[in-house]
Amino acid sequence: MSKKTFYVTTPIYYPSGRLHIGHTYTTVAADAIARYKRFTGHDVRFLTGTDEHGEKIQKTADEKGMAPIDYLDDIVGDIKKLWQTMEISYDDFIRTTEKRHEKAVQNIFQKLYDQGDIYLGEYEGWYCVPCESLWTDTQVGDDHKCPDCKRDVQKKKESSYFFKLSKYQQRLVDYYNANPDFCFPESRKNEMLNNFINAGLEDLSVSRTTFDWGIKVPFDEKHVIYVWIDALCNYITALGYEGEDSSLMDRYWPSNVQIVGKEIVRFHTIIWPALLMALDLPLPEKVYGHGWILFSEDKMSKSKGNIVYPEPIIERYGIDSLKYFLLREFTFGQDGNYTNRNFLTRINSDLANDLGNLLSRTISMIEKYNDCIIPSPKTSGGFHDELKSIAESMSAKVDSAMDRLQFNEALEEVWKLIRRSNKYVDETMPWALAKDESKKDELDTVLYNLAESLRIATVMISPILHITADKIFNQLGVSEDIRTYESSKAFGLIKEGTKINKGEILFPRLDIDKELGVMEEMFGKKKEEVNELPKEEIKEEKKGKEEITIDDFAKVELKVGKVLEAEKHPKADKLLVFKIKLKDEVRQIVSGIAKFYDPAELIGRNVVVVTNLKPVKLRGIESQGMILSAATEDDSKLVLISAQDIEDGVEVR
Ligand code: MSP
């Protein structure tokens, strides 16, 4: 039977400078999903590349006194080198200046012109050079600022070819309705439908005459093709569409998931599907818009001078530390804040303390108590069976989270097993068993079960942290056949008599204060978050409120959410930090109810959440919504509004 195919893409990067960790976020996520799908037996195609045309590139090259292509070759070389350093497993890297792309884009343009989807007209509008976007009068407002980057825009009038985007408005609406998972997360889908598609689509200007660093319109060489049309087509030109060999197109199109940052979702879920409709091609299964990595609440960018680069981090802490942090710390789909301290704390707690410690304890005990040989298990029941059942059920949970691209949830499932294994050591106390000859069978069981749990955890992290996984497998001495996905489902596959190979410490414990100093040296001193909501905003409004209409009320989105995690806020006694599941999405919500509930008792409960509230920071932790509760006037009693028998994600009306 032939393997199921899986086609995943990143956006193609602007080679306008060095890439920072915000850029690497998209690629690390795409790499993780590509590796995971290969691991689960798919025939994967993973595409990335560079977006090399446009006025901005031409201007930058001019300023440097270089020909655009010479300037680009250097930077693209650096980008490829970065992906190589990070061991990104792409199958193809497309440059939009390659002949295979340029020719195919010209063929596409010609085809759309011949069939009447592109026509010649005149364009008058506002142009933002850095964003390479054209805006209407309404969009730039009275102060003439770019709606995306807030910089000044310039008035432009030129003869231009137009793509009949308006013709596809209804088909887009129908497509969104028939394919609710096409644009993800849901909040972005609603934004696209309500703010753009339903608001009316105008035909799109798709050529320029004011500069020439671009692909020429094949039948009118004064015009170059609008950079976004050129760029979006990369996803199919890389598969040979309108080229010499379209076998990859037949094999991999339509794409399964296209990962993009939230600011470019609009291009990928309106213009891109309309173009594909015009070309009579099927649409991607999913466009996933992820959030931004923010630094002191701002998008990381060169102009703001708040950049953190990946290379020095990798050099000092390793590739897997950076990948683990990016995928574990942030919820994919939502914005997250970067701080050096969060990075160091996460590495110390999860990689050094949990995983590293489990490996070193397991290996040292097998060395000390059984001459470096993994014994066979002899007993069962109690703690042993509990550990075994967590290990055996883990991979199905990871699968489900990975299918939803919830990397943090997937890693958390593996870490539950890792933490449980560490607890198992404390519960079974192998050092005490070793002192009593009559407990030898029990000791053998503990040593075996630890090695086996660690093997299963390692199998499931291997697509994400493959370097670390190889090191653990080698120390455990396990054979290739039990490093596979299939082998993660059965407990008891390590052969009795397997010889371990004690190796280096996986993740040495970091002295956080010292490392903070080192990181400041790397990137300059940065402001750590101190943002807090003013006290009066935390307190509920107690006075009677003004009358509202049903439309006002309809603006509030309320949903049933399931409490996955609840813990005390590290910096505020009154606050609890929740992870709440809303069907396909997990939100972090901070709520001031610590005095009324023990966090553990809330796990698994279904509550009511306001889901379209603007995120705020509460004592440094972002809250992405609000949990509804009822409290007495004097705050002596509070109960959470519950929706116990209703599935999470259901809207409350
Ligand atoms: N060239 C366009 C994409 C064309 S795709 C047909 C582009 N390039 S980019 O270099 O600006 O961005 C590449 C990716 O990096 C985007 O997904 C973008 O969202 C992501 N990031 C850049 N800065 C980011 C953060 N600070 N945080 C997270 N991702 C962000 O857009």
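All ligand and atom numbering here is 1-based and tracks the order in the structure.
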Which atoms of ligand 1 have any heavy atom of [X] under 4.0 Å away?
X	result
His20	23 (N), 24 (C), 26 (N)
His268	5 (S), 6 (C)
His290	28 (C), 29 (N)
Ala231	6 (C)

*Which is closest to atom 14 (C) of ligand 1 in terms of heavy atoms, Phe267, Tyr25, Tyr13, Trp292?*
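Among Phe267, Tyr25, Tyr13, Trp292, the closest heavy atom to atom 14 (C) of ligand 1 comes from Tyr13.
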*Counting heavy atoms only, which of Trp272, Tyr235, Tyr14 is nearest atom 5 (S) of ligand 1?*
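Closest candidate by heavy-atom distance is Tyr235.
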So how far is it from [X] [atom1] to [Y] [atom2], rounded to the nearest 0.5 Å?
X	Y	atom1	atom2	result
Asp250	Tyr252	CG	OH	12.0 Å
Thr331	Gln406	OG1	CD	6.5 Å
Thr9	Ile94	OG1	CD1	11.5 Å
Leu322	Ile313	CG	CD1	5.5 Å

Could you tell me if any non-hydrogen atom of [X] lies under 4.0 Å from any atom of ligand 1?
X	answer
Trp228	yes
Phe295	no
Gly291	yes

*Should the pair Lys156 and Tyr127 be classed as cation-pi, given the thresholds of under 6.0 Å to the six-membered ring centre and 45° from the axis?*
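That pair qualifies as a cation-pi contact.
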Do [X] side-chain atoms and [Y] backbone N/O form a donor-acceptor pair below 3.5 Å?
X	Y	value
Glu585	Leu582	no
Tyr13	His23	yes
Trp292	Gly22	no
Glu186	Pro180	no

Please report whether ligand 1 has a polar contact with [X], defined as an N or O pair separated by less than 3.5 Å (distance criterion only).
X	value
Val260	no
Ile293	yes
Glu263	yes
Asp51	yes
Ile264	no
Ile12	yes

*Side chains of Asn340 and Glu515: donor-acceptor distance under 3.5 Å anywhere?*
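The criterion, which ignores hydrogens and geometry beyond distance, is not satisfied for Glu515 and Asn340.
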